[in-house]
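Data block below; observations after.
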Amino acid sequence: MAKLDADSCDLLAHLARLSLTPAEREVFAGQLTDILAYMSKLKAVDITDVPEFRSPAPPTPPRADKPGPMLERARALAGAAHVREGQVAVPKILEDA
Amino acid sequence: MTDLTSLTASQIARGVGAGQFSVVDVATAFYDRCTYIEPALHSYLTRVPQDQVIRAAKAIDLARAQGRQLGPLAGVPVGLKDIFVTKDLATTCGSRMLEGWLPPYQGTHARRVTEAGGIVLGKLAMDEFAMGSSSENTPFTVVQNPWSKDHVAGGSSGGSAAAVSARTASVTLGSDTGGSIRQPASLCGVVGLKPTYGRVSRAGMIAFASSLDQAGPLGVCVEDVARTLQAIAGHDPADATSLTDPVPDYLAACQAPASGLRVGVDRAALERPGLQPEVRRAFEQALLVLRDCGMTVVDISRPHAHLGIACYYIICCAEAASNLARYDGLRYGPRHGEGDLQEVYRATRTAGFGPEVKRRILLGTHVLRADCYEEHYGRAMRVRTLIADDYTQAFATCDLIATPTSPVAGIARASTERDPLELYLSDMFTVGANLAGLPAISMPAGFGAGTPGLPIGLQLIAPRLAEPTLLAAAQAFENHTTWHTRRPPEPEVG
């Protein structure tokens, strides 16, 4: 049976860019272990030669590649918490040259 | 004078078209009712201001006065689950992550409802990012079940179902990823329809699990959901998965004969633990009604149906973990944290997401890890094929499949934190239609024996794009029953 301990939960939280308190780690570890135990029933299924699910719907045609109206910059930026010089401002990710 | 909020959407649209009453009168009646009972019901997260509601109503009255053709929702007050993007109207998806966000564009659903003559009253309560079956997974006030303040309205479209039931909206839109339209419809005693995957656009519907999500209508009767589906169905260039198939006349389908249809029942599914005896009894009674309608009930087998919950929760959590990666606090929504970019991501997502969303993101992240992918996600996607094939084989011998919608007649409000797996299992009858992309409807089919007696729902599932068959059978069932005419008690206000 798959078991997730608190350290595994921490790793998942790191990958998902979340922070967990020690109490959350314990609770989530227990719950996820229970859920994965339930899901392990899928292991008993013979999936030999069974393909992954694909929608039976035929592919839809792509949109015509032609210019059209776009969201105005001011409208697009209106929801951002930090804006500078008409762009979304974020913490620096590159060191100065 | 008739209480306009007691009318069906179809009666409103016809009355408006015939000039029996004005749209302003209708909109005012619903607006005032909302103002009166919302403090007790909490079906809305955001309401459209009264002057805007009246302005929209006057525009439809003017269109009628000028002799212009009116749409199928002419003058019908509509509530939208808060998952639907509405320009300049707060859209939170039930989450602190989007609190205060005013979308810069109108989603397809709000636009089509408005173009069909609907009057949008506001945005309805839901589980955060549509993850839940009780509408309790939210930092905001939990919507009440109109039938019992001690019970939840279901979820995740709990506000959409409660609003229809309590008449704070005439019809509503919800989203259904694993039963989120049908289960709350069942628990609140209204009709809810999940269309075929792709029948309704997903553009402007905030993504949870993209291969499963589908928008659909809720109403007090089959004709109301058919009318609303008519307004929102059809290809949308903004959604590459929306279908190009022509949209049938759904209102005409409601009048089509249902006699002779074969209804399949998987008896083994009724023996699974968790199905309440009173729900089982109501379901057996519903089968007798379908027979009275001239339909034939036949036994079918779906050998992989019991794997649905395990398969569904792996896939939906995987897709949710991917979809919700976009919430980084940079382009919209609140931003938290100081320091480097990674810290902003972590602080924003930690503050913005609630426990159930975090749980599903963690689970989804786990099943998508390179060393776990084949064991969990890859296997679930193969089992999904088997589940879908079960439906294909069943529909070789029947036209529709009947099941209970919810295995229980009511879910009590949680006094402590719920066991998440226990609540997941309550989706046992609904997830299959999402996994296979099939249309399904829930309609009132009885009440529990307790006090108060809580609504029980019948689910019918149809082959892909067979909404007309589904509606014909549902309308026939409704014509032979009176469950849909029962109304909940007035909420205790004050």
Side-chain angles (χ1 to χ4, degrees), chain A residues 2 4 8-9 11-21 24 27-29 31-32 34-64 71-72 74-83 88-93, chain B residues 101-105 197-198 211 235 237 240-244 304 307 309-311 313-314 321 328-335 339-347 349-350 353 355 358-359 361-363 365-366 369 375-376 378-386 388 420-421 424 435 437 464:
Chain A
L4 276 178
S8 305
C9 252
L11 175 60
L12 293 176
H14 168 70
L15 292 172
R17 301 297 182 266
L18 292 168
S19 296
L20 302 180
T21 65
E24 284 176 325
V27 170
F28 282 141
Q31 291 172 337
L32 295 182
D34 290 346
I35 293 167
L36 287 169
Y38 176 81
M39 291 170 174
S40 68
K41 63 162 61 180
L42 297 187
K43 290 180 184 169
V45 184
D46 181 2
I47 54 169
T48 310
D49 298 330
V50 179
E52 290 195 3
F53 178 80
R54 289 283 178 271
S55 170
T60 51
R63 277 182 283 174
L71 206 55
E72 291 175 11
R75 292 285 302 177
L77 292 173
H82 298 285
V83 173
V88 175
V90 300
K92 186 185 289 188
I93 58 171
Chain B
W101 183 49
L102 294 175
Y105 70 100
Y197 180 78
S211 78
H235 179 63
T241 62
S242 81
L243 302 172
T244 54
H304 301 94
L307 303 170
I309 293 289
C311 178
Y313 274 95
I314 288 174
D328 54 16
L330 301 186
R331 292 150 298 156
Y332 41 75
R335 184 191 294 192
D340 67 16
L341 195 58
Q342 296 298 327
E343 179 50 30
V344 168
Y345 290 161
R346 261 193 301 275
R349 292 166 63 79
T350 299
F353 292 138
K358 288 176 182 169
R359 191 158 33 240
I361 288 175
L362 293 174
L363 186 60
T365 303
H366 176 73
R369 282 176 51 170
E375 176 189 353
H376 293 299
R379 176 170 283 271
M381 284 297 280
R382 288 176 167 77
V383 173
R384 185 178 183 179
T385 297
L386 296 173
L421 182 57
Y424 295 173
L435 289 167
R464 199 173 155 273

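Lettering follows sequence order; numbering is per chain, from 1. Just so you know, these numbers come straight off a predicted model, no measurement behind them.
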(message) Please classify the contact of Leu77(A) with chain B as side chain, backbone, both or neither, using a heavy-atom distance under 4.5 Å.
(response)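 For Leu77(A), no heavy atom lies under 4.5 Å from chain B.
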(request) Let me know if Glu72(A) has heavy atoms under 4.5 Å from chain B in its side chain, its backbone, both or neither. (result) neither
Is chain A contacted by the side chain of [X], its backbone, both, or neither, given a heavy-atom distance below 4.5 Å?
{"X": "Ile314(B)", "result": "both"}
{"X": "Tyr313(B)", "result": "both"}
{"X": "Ala347(B)", "result": "neither"}
{"X": "Pro237(B)", "result": "both"}

Greatest number of heavy atom pairs closer than 4.5 Å to chain B - which of [options]:
{"options": "Lys41(A), Gln31(A), Lys92(A), Arg54(A)", "result": "Gln31(A)"}
{"options": "Ile93(A), Leu42(A), Val88(A)", "result": "Leu42(A)"}
{"options": "Ile47(A), Leu11(A), Val90(A)", "result": "Ile47(A)"}

(request) Could you list the residues that satisfy ring-ring contact (aromatic ring centres under 6.0 Å, His included) with Tyr332(B), not counting sequence neighbours? (result)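 Scan of Tyr332(B) (ring-ring contact (aromatic ring centres under 6.0 Å, His included), adjacent residues dropped) gives Trp101(B).
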(message) Using a 4.5 angstrom heavy-atom cutoff, name the option from His235(B), Glu343(B), Arg369(B) with the most pairs to chain A.
(response)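 That would be Arg369(B).
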(message) Return the CG to CZ distance between Leu341(B) and Arg17(A), rounded to the nearest 0.5 Å.
(response)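 So the gap between those two atoms works out to 9.5 Å.
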(request) Can you sort out the partners of Ser211(B) under side-chain hydrogen bond (donor to acceptor under 3.5 Å, both in side chains), two or more places apart, ordered by chain and number? (result)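 With sequence neighbours excluded, Ser211(B) shows a side-chain hydrogen bond (donor to acceptor under 3.5 Å, both in side chains) to Glu319(B), Arg384(B), given in chain and number order.
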(message) Closer than 3.5 angstrom, by distance alone: can the side chain of Thr385(B) be matched with the main-chain N or O of Val50(A) as a donor-acceptor pair?
(response)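 It does not hold such a pair.
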